[in-house]
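Beneath this line is the structure, given in structure tokens, with notes to follow.
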Amino acid sequence: MELDEVIIARRSCRYYLPNEVEEDKINLILKAGMFAPVACGRYENILLYVLKGEKLKSLVKAHSFSSKIYGAPLVIMVLHKENNVELRNEDAGAIIQNMCLKATDLGLGSVFNYSIAQEIKNNPQTIDYLKILNKYDVVAGVAIGYKSSEKTKNIKHEIKVIY
Ligand SMILES: Cc1cc2nc3c(=O)[nH]c(=O)nc-3n(C[C@H](O)[C@H](O)[C@H](O)COP(=O)(O)O)c2cc1C
């Protein structure tokens with residue numbers, strides 16, 4: 001796809017098929033995330049946590065996360081080291097947007113997902129289950145998968161501009 005087409009085609013998908021995303025596609029999405037700009041180039045402070053297969057299924061089952069991720073078979077969480085609080089949201093935003101654009105380019109649906117990140121970070125049991133080290137904080141996530149519907153919210157993509 002041309003860049004402009006990808007940008008316009010990337011809309012939040014909230015309807016997924018259960019089909020797993022292939023490993024090569026996941027790797028391309030992760031690579032796109034890693035090429036995002038992050039503050040001061042401090043990539044070493046960030047961790048990408050891939051949740052899929054049985055791990056994601058048991059998490060969804062135990063904590064009723066399904067509605068938050070709309071049944072998507074893949075979630076990638078962005079974690080940041082605790083000692084670097086400043087600009088972590090911006091870093092996660094850039095990384096997730098790159099991953100969403102790559103997912104779109106590969107014909108997959110995606111949705112920026114803050115609510116699952118919130119669920120995970122507010123739930124000590126989940127943190128234990130995922131073996132997330134103390135020094136990392138869950139910042140945000142993205143749910144990805146094959147779409148079961150092209151339906152999107154009727155959002156107007158207009159932002160006020162002044163010159
Ligand atoms: C920081 C951030 C957090 C978001 N969190 C959620 C979320 O938890 N659940 C959800 O369904 N959509 C979430 N979204 C998606 C937005 O609702 C969506 O991008 C926006 O309404 C524009 O629609 P579009 O993505 O279809 O263009 C989030 C988006 C951003 C940027």
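When a ligand or atom number is given, it counts from 1 through the structure's own listing order.
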Nearest non-hydrogen protein atom, [atom]:
| atom | value |
| --- | --- |
| atom 5 (N) of ligand 1 | Tyr114 N, 3.2 Å |
| atom 23 (O) of ligand 1 | Ile155 CG1, 3.8 Å |
| atom 18 (C) of ligand 1 | Ser12 OG, 3.5 Å |
| atom 17 (O) of ligand 1 | Arg14 NH2, 3.3 Å |

What residue pairs, at least two apart or across chains, pass side chain to side chain donor-acceptor pair (under 3.5 Å) with a residue in residues 96-109?
Lys102-Asp105
Considering only heavy atoms of [X], which atoms of ligand 1 have at least one such atom less than 4.0 Å away?
| X | result |
| --- | --- |
| Val111 | 10 (C), 11 (O), 12 (N) |
| Ser115 | 7 (C), 8 (O) |
| Tyr70 | 9 (N), 10 (C), 11 (O) |

Nearest heavy atoms of Val38 and Ile46, plus distance in Å:
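The answer is CG1-CD1, 3.7 Å.
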Heavy-atom closest pair, residues Leu59 and Tyr129
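Heavy atoms only, the tightest pair is CD1-CD2, 3.7 Å.
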Regarding ligand 1, does Phe112 bring an N or O atom to under 3.5 Å of one of the ligand's N or O atoms?
yes
With heavy atoms under 4.0 Å as the rule, classify the contact between His157 and ligand 1 as side chain, backbone, both or neither.
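Looking at His157 and ligand 1, just side chain atoms fall under 4.0 Å.
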Check Lys153 against ligand 1 and report side chain, backbone, both or neither, counting heavy atoms closer than 4.0 Å.
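For Lys153, there is no contact with ligand 1 at all, from either part.
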Quick test of your reading of the model: are Lys121 and Asp137 salt-bridged, counting only N-O distances below 4.0 Å?
no
Partners meeting salt bridge (Lys or Arg N to Asp or Glu O under 4.0 Å) with Glu44 (sequence neighbours left out)
none
Judged by non-hydrogen atoms, does Arg10 sit under 4.0 Å from ligand 1?
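Right, Arg10 reaches ligand 1.
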Any non-hydrogen protein atom below 4.0 Å of atom 2 (C) of ligand 1?
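Under the 4.0 Å cut-off, atom 2 (C) of ligand 1 does have protein heavy-atom neighbours.
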Please check if atom CZ in Phe35 has more than 12 non-hydrogen atoms from other residues, nucleotides or ligands closer than 6.0 Å.
no
Criterion side chain to side chain contact (heavy atoms under 4.5 Å, CB included) on Leu48 and Met77, from CA distance to verdict:
CA-CA 6 Å; Leu48 298 177; Met77 306 299 307; over 6 Å; no
CA sep, side-chain torsions, deciding dist, call: Ile76, Leu51, side chain to side chain contact (heavy atoms under 4.5 Å, CB included):
CA-CA 6 Å; Ile76 303 174; Leu51 272 167; over 6 Å; no
